[in-house]
Undergrad: 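Dropping a structure here in C-alpha cells format, bear with me for questions.
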There are 2 protein chains.
Amino acid sequence: MKYKKSAGQNAKERILDVSEKLFAEGSFASVSVRTVTSAANVNLSAVNYYFGSKKGLFQAVYVRRATLMNHERLGLLQKAVGKAQQEGRAVSVRELINAMLTPPIFWLYEEEKGLSGYIRFLARAYLEAASDMENVLSQEVDVFDKFVPYFQEVNPSLTVEDIYWRIHFIMGVMHHTINHLDRIGLLSHTACSVETREQTRDRMVAFCCEGF
Amino acid sequence: MKYKKSAGQNAKERILDVSEKLFAEGSFASVSVRTVTSAANVNLSAVNYYFGSKKGLFQAVYVRRATLMNHERLGLLQKAVGKAQQEGRAVSVRELINAMLTPPIFWLYEEEKGLSGYIRFLARAYLEAASDMENVLSQEVDVFDKFVPYFQEVNPSLTVEDIYWRIHFIMGVMHHTINHLDRIGLLSHTACSVETREQTRDRMVAFCCEGF
DNA sequence: CTGCTTTCTAAACGTATGTTTTAAACGATA
DNA sequence: TATCGTTTAAAACATACGTTTAGAAAGCAG
C-alpha cells in the first residue's frame with residue numbers, strides 16, 4: 001500500500017525541514033509558500049497537497065517534534081524524582097529547573113539534526129496570533145503543570161501563584177536566550193561568547209535557581 | 001510656515017498611534033498598510049506620504065518614544081546613584097534592576113496614553129529581521145551599558161561577561177512579561193491574576209535580584 | 001484675489017500572495 | 001500489460017500587497 005516516487009516521502013519531510021528553519025528566522029506572514037517550496041526543491045502546490053494550507057504546514061512543523069521535546073523534559077523530571085526518592089529527599093529546585101531548561105538549550109545547539117531550528121521555531125510560535133496558535137502552547141503548559149507539585153514540595157511556603165509567576169520568568173529567560181543567543185556577543189560588545197551548551201545551560205539554571 | 005487641514009498634523013500622529021498598536025499585536029509583515037490607514041481613517045497613500053515607506057513608518061513608531069523611554073531609565077539610575085552617594089554607599093542591585101524594569105513595566109500598564117502599545121511594540125521589534133532593525137536595538141543596548149559599571153561596583157567578583165549574561169536574562173524576564181502578561185492567567189489556570197503594575201514590577205525585580 | 005506650498009483623495013500600477021485546477025508521471029498490484 | 005491510487009508538474013485564479021501618480025482641496029502670504 002506504499003507508493004513512492006523520485007523523492008517520495010522525502011518531499012514532505014524536506015518541506016518540514018525547510019519551513020522549520022524559515023519559520024525560525026521570520027514570522028509566519030513573512031515566510032511565503034513560494035520561499036518554502038523553492039528552498040525545498042518541490043513544486044509550489046506541494047504545501048497545499050500535503051498540509052492543506054500554509055497554516056496547516058505551520059502546525060505540522062510544530063506537531064512533528066512537540067511530543068519528543070516534552071518527553072525529554074518529563075524524562076529528566078522522572079529521573080530526578082527517582083534519584084531523590086532513592087536518597088530519601090525532595091527533588092531540588094536545581095534539578096527541576098535543569099529538567100525544564102536542558103532539553104531546549106541542548107537542542108538549540110544541535111544544528112545538524114535540525115533541532116536548533118525547531119527550538120527557535122517554537123520560541124517564535126509563542127508570538128504568533130494567539131487565536132491561531134493557542135493549541136501550540138497548550139502542550140508546553142501541560143508539561144510545566146507537572147512541575148508545580150514538586151516546586152511546592154521543596155518550598156512549601158510558596159503559593160501556587162508564586163510558583164506560576166516564577167515558571168513564567170523562567171520561560172522568559174529561556175525564550176530570550178533562544179531568540180537572541182546569536183546576538184549576545186553584540187549586546188556585550190564581544191565580552192560574551194556563545195560558549196558550549198553546558199555553559200549556557202548552567203548560566204541559565206543558576207540565574208533561575210536563585211530567582212526561586 | 002504651518003499648514004493645516006481638516007485633521008492636519010493629527011493625521012500623522014493618528015497613523016503612528018494606530019500602527020503602534022497594530023505592530024504591537026502582530027509582526028511587521030502581518031500588518032498591512034491598508035489595515036493601518038483604514039484604522040486611522042486616513043487615505044491609503046498617507047503612509048507613503050508621511051513616512052516614505054512601510055519600513056519608514058515602523059522606524060518612526062520606534063523613534064517617537066525611544067528617547068523618552070530610555071530617559072526615564074537613566075533618570076531612575078541617576079536618582080539612585082545620587083541617593084547612594086548621599087548615604088555614602090554603593091548603589092544596590094535592587095536599585096539598578098528597579099531602574100531597568102520600572103519604566104517599561106509601568107508603561108505596559110498605561111493603556112490610555114498608548115504607552116502600553118509602544119512597550120509591546122518594542123518587545124516585538126526585537127524579533128524582526130536583524131538587518132532591518134539593528135539600529136532599533138542599539139539605543140537600548142547603549143542604555144544598559146551604563147548600568148554595567150554599577151553592577152561591577154556592587155559586586156566586584158563578577159566579570160563583565162557575568163554581568164552581561166545576567167542583563168541578558170533580565171531582558172528575557174522583561175520581554176516575556178511584556179509579550180505574555182495577558183496570558184499569565186491562562187498559563188496558571190487562573191491561579192495568577194494580572195495584579196497592579198507595582199506588584200508585577202516587584203515580582204520581576206525580586207526574581208532578577210536573586211538571580212544576580 | 002493671486003500665487004504657492006502643503007495636505008488629502010482616488011485610481012491605477014506592478015508584483016507577490018495563498019490556493020485551485022488540470023493533467024501528466026509514477027509505483028505497486030492484478 | 002492494464003489499472004488504480006499516489007505524487008509531481010505547470011498554469012491559472014483571485015485577491016492582497018506596497019507604492020506611485022495625477023489632481024483636487026485647503027491654508028497661508030503677498
Side-chain angles (χ1 to χ4, degrees), chain A residues 1-23 25-62 64 121 124-125 128-129 131-133, chain B residues 1-23 25-62 64 121 124-125 128-129 131-133:
Chain A
M1 277 297 187
K2 268 192 182 176
Y3 296 89
K4 285 188 186 177
K5 204 183 168 182
S6 61
Q9 196 142 351
N10 285 8
K12 197 173 176 180
E13 289 286 324
R14 218 160 352 121
I15 294 174
L16 286 171
D17 288 340
V18 161
S19 44
E20 187 177 68
K21 208 169 290 182
L22 290 172
F23 282 139
E25 284 157 12
S27 66
F28 178 77
S30 76
V31 176
S32 74
V33 175
R34 282 171 172 82
T35 311
V36 170
T37 52
S38 76
N41 268 315
V42 297
N43 189 267
L44 169 60
S45 46
V47 162
N48 293 277
Y49 175 72
Y50 284 114
F51 307 101
S53 66
K54 186 187 179 184
K55 192 180 290 182
L57 167 62
F58 190 89
Q59 289 173 337
V61 170
Y62 166 70
R64 182 166 64 147
F121 162 85
R124 270 194 188 274
E128 293 296 338
S131 56
D132 297 336
M133 309 300 164
Chain B
M1 277 291 187
K2 269 192 181 176
Y3 296 90
K4 284 188 186 177
K5 205 183 167 181
S6 61
Q9 196 143 349
N10 285 9
K12 198 174 176 180
E13 289 285 324
R14 219 164 347 125
I15 294 173
L16 287 172
D17 287 340
V18 161
S19 43
E20 188 176 67
K21 208 168 288 183
L22 290 172
F23 282 140
E25 284 157 12
S27 66
F28 178 78
S30 76
V31 176
S32 73
V33 175
R34 283 172 170 82
T35 311
V36 170
T37 52
S38 77
N41 268 316
V42 297
N43 190 267
L44 169 60
S45 47
V47 162
N48 293 277
Y49 176 72
Y50 283 113
F51 307 100
S53 67
K54 186 187 177 183
K55 193 181 290 183
L57 167 61
F58 190 88
Q59 290 172 338
V61 170
Y62 167 71
R64 181 167 63 149
F121 162 84
R124 271 193 188 274
E128 294 296 338
S131 56
D132 297 337
M133 309 299 163

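Keep in mind it's a predicted model, so treat the numbers as computed, not measured. Naming convention: chains lettered A, B, ... in sequence-line order (proteins, then strands); numbering from 1 in each chain.
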Undergrad: To the nearest angstrom, how far is B:Asn48 atom CG from C:dT7 atom C1'?
TA: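 Interatomic distance, CG of B:Asn48 to C1' of C:dT7: 15 Å.
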Undergrad: Looking at D:dC17, I'd like to know if its phosphate oxygens (OP1 or OP2) sit under 4.0 Å from a side-chain N or O belonging to B:Ser32.
TA: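 For D:dC17, OP1/OP2 do have a side-chain N/O of B:Ser32 under 4.0 Å.
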Undergrad: What integer distance in Å separates B:Ile15:CD1 from C:dT9:P?
TA: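 So the CD1-P distance, B:Ile15 to C:dT9, works out to 10 Å.
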Undergrad: To the nearest Å, how far apart are A:Tyr50 OH and C:dT20 C1'?
TA: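 Whole-Å distance recorded here is 17 Å.
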Undergrad: Report the relative orientation of the aromatic rings in A:Phe58 and A:Phe23; use parallel for angles under 30°, tilted for 30 to 60°, perpendicular for over 60°.
TA: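 The rings of A:Phe58 and A:Phe23 stand perpendicular, inter-plane angle above 60°.
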Undergrad: Can you tell me the distance, in whole Å, between the NZ atom of A:Lys12 and the C1' atom of D:dT8?
TA: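 Whole-Å distance recorded here is 15 Å.
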Undergrad: Grab the CG-C1' distance between B:Asn10 and C:dT7 for me, whole Å please.
TA: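 About 13 Å, once rounded to whole Å.
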Undergrad: C:dT19, OP1 or OP2 - any side-chain N/O from A:Tyr49 closer than 4.0 Å?
TA: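 Checking C:dT19 against A:Tyr49, no side-chain N or O comes under 4.0 Å of OP1 or OP2.
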Undergrad: With DNA chain D as reference, determine whether A:Asn41 or A:Arg34 sits nearer its 5' end, using the nearest nucleotide of each.
TA: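 Final value for this comparison: A:Asn41.
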Undergrad: Calculate the interatomic distance between A:Leu22 atom CG and C:dG18 atom C1'; express it in whole Å.
TA: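 Distance, rounded to whole Å: 16 Å.
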Undergrad: Categorize A:Val31 for me: base, sugar-phosphate, or nothing, with a 4.0 angstrom heavy-atom threshold over every strand shown.
TA: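 Contact class for A:Val31: sugar-phosphate only.
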Undergrad: Checking B:Glu25 against B:Arg124 for the salt bridge (charged side-chain N to carboxylate O under 4.0 Å, His left out) test, could you report, in this order, the C-alpha distance in whole Å, the side-chain angles of both residues, the deciding distance, and whether it holds?
TA: CA-CA 8 Å; B:Glu25 284 157 12; B:Arg124 271 193 188 274; over 6 Å; no
Undergrad: Judged by atom type as modelled, is there a donor-acceptor pair below 3.5 Å linking the side chain of B:Lys12 to the main-chain atoms of B:Phe51?
TA: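 No, the answer is negative, given that no donor and acceptor are paired below the 3.5 Å cut-off.
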Undergrad: Which listed nucleotide (D:dA9, C:dG18, C:dT9) is nearest to the side chain of B:Ser45?
TA: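 The answer is C:dT9.
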Undergrad: Measuring from the side chain of B:Leu44 (C-beta onward, heavy atoms only), which nucleotide among C:dA11, C:dT7, C:dT21 has the closest atom?
TA: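 Side chain of B:Leu44 sits closest to C:dA11.
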Undergrad: Taking atom C1' of C:dA23 as reference, at what distance in whole Å does atom CG of A:Asn43 sit?
TA: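 My rounded result for the distance is 12 Å.
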Undergrad: Check B:Leu44 against B:Arg34 and note the closest heavy-atom contact, atom names and distance.
TA: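 Looks like CD1-CG, 3.5 Å.
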